[in-house]
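Throughout, residue positions are numbered sequentially from 1 according to the sequence presented. Small disclaimer: the values here were computed from a predicted structure and weren't measured.
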Amino acid sequence: MSLDLDFLYNMNEGPLRSGLIVLGVALVSVLVAILLHRMGVALVRRLARGRPFTTTATQVTFNASRTCVILFMLRLVLAGAPDNTPGITRISYLTSVAFILALTWFLMRCVKSVSTTVINLNPYDVADNLKARRILTQTRVLSRSAYFIIALLGLAFVLLTLPGARQFGASLLASAGVAGIVAGIAAKPVLGNFFAGLQIAFSQPIRIDDVLIVKGEWGRVEEITGTFVVVRIWDERRMIVPLQWFIENPFENWTHTSSTILGTVFLWLDFTVPTAAIRAEFERVCQTLPLWDKRVCVMHVTDTSERNMQVRLLVSARDSGSAFDLRCQIREHMIGFIASNYPDALPRLRAEVSPRNQPEALDTIIDGAPGEKSS
């Protein structure tokens, strides 16, 4: 399809005037393209009122779609321009390349609009956000993969417009033996992370905002890119981990099925401690703490040694951060309660003197050494 402008050449005014007229028609086509684009967007928004995907798409892709329409109209004008128009070949080539790049930009903005709409429809800043985080992770990883594929296709189409692109491709195919092995080895990390990202998107061993233990560090998944994962550690450091690492190595995910978690507080106490009183105080203080989610509040004596016994206080919380704060509060309160009410129940070292050795021990205390008499 093209606009036939051969009548410009028959006006016997020469190439310069022909070029000026083509320029004027191009400017008019740009104004027409802008007008048609505005009318089309207004019509789509009116028809798609109340539909979030279409409404968001008209907003996110507005500039890209307008650029595509303008370049398309310019391409039509240049295709119908006379052959003697100054610089027509070079301008047509640049316009074609720009049109391909604009289409690539438009497709990437379409992917962006879909991902934005999905994320807005599934907010993850709520208490029970497991489903939202699953959808968010899939959306981000798949959208980045789509960006990569679209950009790769756009670059390929641009290269196909180059005069030597076909010879270049033929030479690569001819030397596919060695070049293929070298390229495969060089691209292995990139391709490995790409396919690892797709696997994470569908199998989802990790999601956005998941709580992980990675290489002994506690942190949350802050971002999942096309090549690596950003883990925000509790002290605000950032750990950058390649995507492929999560496929090949074991790690802990504390929020894989639910954000709720159990926390433990261990106390080493003397055997004389009244466990019933300790249990009653523990259950009472749990009722007063807002971080406790009212699911689990259990005390057990889990171990003993030759000097004392181990008491485990088990509590539940809605997430790992709340569980850590809850454990600290319970530990501080129970230590203060035991120190105030049962100070002898805290761990201590006993020493016992045998009755048959008491006279000798008394002499040692009085005289400073066994068997010595004071002067």
Side-chain angles (χ1 to χ4, degrees), residues 124-134 205-207 209-221 231-237 250-355:
Y124 67 96
D125 53 348
V126 294
D128 187 10
N129 60 357
L130 181 61
K131 179 181 177 181
R133 290 189 291 110
R134 181 185 299 115
I206 59 173
R207 293 175 295 267
D209 207 40
D210 266 348
V211 176
L212 307 180
I213 302 295
V214 180
K215 297 183 178 181
E217 297 284 358
W218 183 97
R220 291 183 179 272
V221 178
V231 180
R232 176 168 50 86
I233 305 176
W234 64 273
D235 57 0
E236 297 188 358
R237 289 179 294 158
F251 58 93
E252 295 183 30
N253 189 335
W254 288 11
T255 55
H256 185 62
T257 57
S258 175
S259 60
T260 58
I261 195 171
L262 299 180
T264 55
V265 175
F266 290 100
L267 299 175
W268 287 97
L269 303 175
D270 191 76
F271 293 109
T272 60
V273 66
T275 55
I278 300 299
R279 180 177 288 106
E281 178 61 19
F282 168 57
E283 294 175 351
R284 185 199 67 81
V285 72
C286 281
Q287 297 289 341
T288 64
L289 296 176
L291 293 178
W292 182 53
D293 65 358
K294 307 186 185 307
R295 290 191 303 116
V296 178
C297 179
V298 179
M299 187 191 95
H300 291 111
V301 177
T302 55
D303 197 5
T304 58
S305 68
E306 69 278 5
R307 296 179 180 177
N308 44 37
M309 62 181 179
Q310 184 188 66
V311 176
R312 187 188 69 178
L313 309 177
L314 187 64
V315 292
S316 60
R318 63 179 179 270
D319 54 54
S320 57
S322 300
F324 179 82
D325 294 337
L326 180 62
R327 290 167 56 202
C328 293
Q329 294 175 7
I330 290 177
R331 186 182 296 111
E332 180 180 351
H333 177 83
M334 295 305 296
I335 291 176
F337 172 79
I338 296 172
S340 300
N341 296 275
Y342 307 100
D344 294 336
L346 295 175
R348 54 181 176 171
L349 181 63
R350 292 186 177 90
E352 183 177 349
V353 179
S354 176

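- Not counting sequence neighbours, the partners of Arg312 by the side-chain contact (heavy atoms from CB on, under 4.5 Å) test are Thr264, Phe266, His300, Thr302, Leu314.
- Side-chain contact check for Met299 versus Thr275: some heavy-atom pair is nearer than 4.5 Å.
- In this structure, Glu217 and Ile233 approach most closely via the heavy-atom pair OE1-CG2, 3.7 Å.
- Atom CG of Asp319 and atom CH2 of Trp254 lie 11.0 Å apart (nearest 0.5 Å).
- Residue Cys297 comes nearest to Trp292 through the heavy atom pair CB-CZ2, 3.5 Å, listed as atom of the first residue, atom of the second, then distance.
- The closest donor-acceptor contact from the side chain of Asp210 to the backbone of Asn253 lies at 3.5 Å or more, if one exists at all.
- Atom CD1 of Ile338 is separated from atom CD of Glu281 by 9.5 Å, given to the nearest 0.5 angstrom.
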Inset, instruction - Under the side chain to side chain contact (heavy atoms under 4.5 Å, CB included) rule, what do Arg295 and Thr260 come out as? Steps first, then yes or no, please. - result: CA-CA 10 Å; Arg295 290 191 303 116; Thr260 58; 3.5 Å; yes

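- Proximity of Phe282 to Val315: side-chain heavy atoms (C-beta onward) are separated by under 4.5 Å at one or more points.
- Listed here is the closest heavy atom pair of Thr272 and Ala345: OG1-CA, 4.4 Å.
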Inset, instruction - Check the pair Asp344 / Asp270 against side chain to side chain contact (heavy atoms under 4.5 Å, CB included), numbers first and verdict last. - result: CA-CA 8 Å; Asp344 294 336; Asp270 191 76; over 6 Å; no

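- Just one of Arg327, His333, Met334, Glu332 meets the side-chain contact (heavy atoms from CB on, under 4.5 Å) condition when paired with Ile330; it is Met334.
- Looking at every heavy atom in both residues, Val311 comes nearest to Leu269 through CG2-CD1, 3.9 Å.
- Contact annotation: the side chain of Leu289 approaches that of Leu326 to within less than 4.5 Å [non-hydrogen atoms, C-beta and beyond].
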Inset, instruction - Carefully, step by step, assess Val273 and Met309 under the rule side chain to side chain contact (heavy atoms under 4.5 Å, CB included). - result: CA-CA 10 Å; Val273 66; Met309 62 181 179; 2.8 Å; yes

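- Here the closest heavy-atom approach between residue Tyr342 and residue Pro274 is recorded as CE2-CG, 3.4 Å.
- Shown here for Ile261 and Ala323, the closest heavy-atom pair between the two residues is CG2-CB, 3.6 Å.
- Remark: side-chain polar atoms of Ser322 are not paired, donor with acceptor, to backbone N or O of Leu291 under 3.5 angstrom.
- Rounding to the nearest 0.5 angstrom, the gap separating the CG atom in Asp325 from the OG atom in Ser320 is 10.0 Å.
- Note: Trp234 CH2 to Phe324 CZ = 7.5 Å, rounded to the nearest 0.5 Å.
- Using a 4.5 Å cut-off on side-chain heavy atoms (C-beta onward), Phe337 and Ile278 make contact.
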